[in-house]
Amino acid sequence: MADGLLPELGACLEALAERFGEALRTGHAICNQHASGEGPAASRPPDAVLFPTSVRDVSDGVQICAAHRVAIIPYGAGTSLEGHVHALRGGVTFDMSLMDRILAVNASDLDVHVEAGVTREALNGHLRDSGLFFPLDPGANATLGGMAATRASGTNAVRYGTMKDVTLGLTVVTPQGVVIETGGRARKSSMGYDLTRLYVGSEGTLGVITSLHLRLFGIPEVIAAGVAQFQSAGEAILAVIAVLQMGVPVARLEFLDEVQMGACIRWSKLTELLAKPTLFVELHGSAVSVADQQDQIRDVFASSDCANIQWALRTEDRSRLWTARHNAYWAAKSLCPGYDAVTTDACVPISDLADTIAEVKTLAAHSGFVCPIVGHVGDGNFHVMILHDAQSREAADRLGCDIARVAIRRGGTASGEHGVGSCRKTLLREEHATAVQTMLQIKSQLDPMGIMNPDKIF
C-alpha cells in the first residue's frame with residue numbers, strides 16, 4: 001500500500017525525461033498550477049508534470065514510475081473539489097488534456113468513443129450538427145475522463161443519470177502499465193465482473209483512464225425552463241417530491257434557498273425574481289409532452305404555496321437562467337468577499353429530503369456561518385456552502401462533517417457527486433463501516449505498491 005512507497009524520484013525523472021523530452025515539465029510554475037483543483041489548497045505540488053498524447057505514452061510513463069515506486073496523480077481539468085489532484089507524497093502528475101481526440105461518433109447507436117482529455121463542452125460542440133448531445137452537466141467544463149474517475153453527475157442527472165449510467169466501456173492503464181479494455185459498446189453484458197463500474201468512481205486510485213465509450217441522446221424537440229418561487233424551503237421540497245411521485249419526467253430540478261437566491265439575484269442581475277426559496281425546472285420532449293408536463297407542474301406548485309412561476313422557451317432566456325444557476329458558487333462567495341467556502345455534497349432518499357434540509361438549515365443557523373444552499377434536489381443531492389475566513393476553517397470543516405452525518409443517519413451519503421478525494425476519508429469509514437476493508441483489499445491487489453493517487457479515498 002501507499003505506506004510502502006520508497007520513491008527513487010531522481011532516477012525516475014531522468015528516465016521520464018529520456019523517454020518524453022519536453023513533454024515532461026518540472027518547473028515550479030507548472031507544478032504549482034497542478035497542485036490543486038477548485039477545492040482546498042494543496043500542501044505541496046507534484047515534482048513533475050507529464051503531458052502524454054497517446055495510450056502508449058501513458059503506459060510507458062506508468063511503467064517508469066512503477067519501476068521507481070514514484071506516485072502517479074491523474075489530472076483532467078483541475079475542476080474537482082475534494083483534493084483529488086493533491087500530490088500528497090509528491091510524484092508525477094499525468095495531465096491528460098492533450099489526449100483530446102473524439103475517436104468515433106456512432107450516431108445510429110447513440111454512442112461515442114472519446115479520449116479522456118475531451119471536455120464535455122468540446123464534445124457537445126462537436127455533436128452540435130448531429131442532433132445528438134451528451135447530457136451530463138456538472139457545471140464546470142470538466143474532462144470526461146475526470147468525470148468518470150469521480151463518478152460525476154450534475155443538473156441533468158435526475159433524467160439522464162450519472163457517469164456510471166452513461167459509461168459503456170473504458171480503456172485503462174493499470175498501475176503496472178498494462179492497457180486493458182472494460183465493457184464495450186453493447187448496452188448490456190453478463191460477461192464477468194463489471195470492471196467499468198469499478199473504475200468509474202475510483203478517483204485515479206486503480207489506474208489511469210485513457211478513453212471512454214459513452215452514451216449519447218437525441219436533442220429534444222422542445223426544451224422549457226421554469227423558475228418557481230415559494231414561501232418556504234419546506235414547501236419547495238415537498239413540491240419536488242410531489243412532481244417526482246407523479247412521474248413527471250423532468251430533466252433538471254434545482255433548488256436554491258433564499259440566501260443563495262439573493263446572492264444569485266445580485267450576481268447575475270435576476271432583478272425580476274425575489275430572494276425566496278426557488279426551484280429551477282427544465283423539461284425535454286415534444287411540444288405536446290412538454291405542454292402537458294408544464295400543466296402538471298403548475299398544478300403541483302399551485303397547491304404548494306408557490307408565489308409565482310415563469311417559463312422560458314427561447315434559448316437565450318434559458319441560457320440566462322442556467323448561467324445564473326451555474327454561477328451560484330461565485331455568487332455565494334460574493335456574500336463574504338475574501339472568504340473561502342467549504343462545500344458539502346450530501347444526498348438522501350427523496351422522501352427524507354424536506355426533513356433533512358430543515359435539520360441542516362437549523363444546524364447552519366446555530367453555527368454563525370453564512371450558509372447558502374443549492375442542490376440537484378430531483379435526485380436528493382444538495383450542497384451547503386459554508387463561507388469562512390482563515391481563523392474559522394476548522395469550525396467550518398466540523399459543520400460540513402455534521403451535515404454529512406445528518407445525511408448518513410437518514411440513509412443517505414456524504415457525497416452524491418464530488419467523491420472522497422483527500423477530504424472525506426473519515427466520512428467514508430463512518431458511512432460504509434466494514435465494507436471499507438473490502439475496498440482496501442481491491443486497492444492492495446490492483447495497486448500493491450500504492451503508487452496510484454496515494455492517500456485518496458482511504
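For reference, positions follow the sequence shown, starting with 1.
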(request) Verify ring pair (Phe, Tyr, Trp, His ring centres under 6.0 Å) between Phe230 and Phe301, making sure each step is shown before the conclusion. (result) CA-CA 9 Å; Phe230 296 79; Phe301 286 3; 5.3 Å; yes

Do any N or O atoms from the side chain of [X] and from the backbone of [Y] form a donor-acceptor pair under 3.5 angstrom?
X	Y	result
Asn141	Glu121	yes
His113	Asn106	no
Thr174	Gln176	yes
Asp345	His418	yes
Lys456	His86	yes
Thr167	Lys164	no
Asp292	Val288	no
Arg424	Ala414	yes
His383	Thr344	yes
Thr413	Gly416	no

Would [X] and [Y] count as having a side-chain donor-acceptor pair, cut-off 3.5 Å?
X	Y	result
Thr205	Ser202	no
Gln229	Thr278	yes
Thr196	Thr182	yes
Asp95	His34	yes
Thr426	Glu430	no
Trp322	Glu254	no
Thr356	Asp352	no

(message) Does Arg318 qualify as a cation-pi partner of Trp311, given the criterion of NZ or CZ under 6.0 Å from the six-membered ring centre and within 45 degrees of its axis?
(response)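 No, a cation-pi geometry is absent between Arg318 and Trp311.
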
(message) Does the Lys NZ or Arg CZ of Arg120 fall within the cation-pi geometry relative to Phe134 - under 6.0 Å from the ring centre and within 45° of the axis?
(response)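 Cation-pi check for Arg120 and Phe134: fails.
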
Salt bridge check, [Y] against [X]: does any charged N sit closer than 4.0 Å to a carboxylate O?
X	Y	answer
Asp165	Arg215	no
Arg320	Asp317	no
Arg252	Asp137	yes
Lys425	Glu82	no
Glu417	Arg151	no

For [X] versus [Y], what's the shortest heavy-atom pair and its separation?
X	Y	result
Ile209	Ala116	O-CB, 3.2 Å
Gly90	Ile73	O-CD1, 3.5 Å
Met163	Val200	C-CG1, 4.2 Å
Leu168	Ala186	CD2-O, 4.0 Å
Val92	Val70	CG2-CG1, 4.0 Å
Thr143	Gly76	OG1-CA, 3.4 Å

(request) Check whether more than 12 heavy atoms from other residues, nucleotides or ligands sit under 6.0 Å from atom CD of Glu22, and answer yes or no. (result)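 No, CD of Glu22 has 12 or fewer neighbouring heavy atoms, counting only those of other groups under 6.0 Å.
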
(request) Flag yes if more than 12 heavy atoms outside Gln445 fall under 6.0 Å of its CD atom; otherwise flag no. (result)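 Counting other residues, nucleotides and ligands, CD of Gln445 stays at 12 neighbours or fewer.
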
(message) Walk me through whether Phe133 and Tyr160 qualify under ring pair (Phe, Tyr, Trp, His ring centres under 6.0 Å).
(response) CA-CA 11 Å; Phe133 80 122; Tyr160 297 101; 5.7 Å; yes

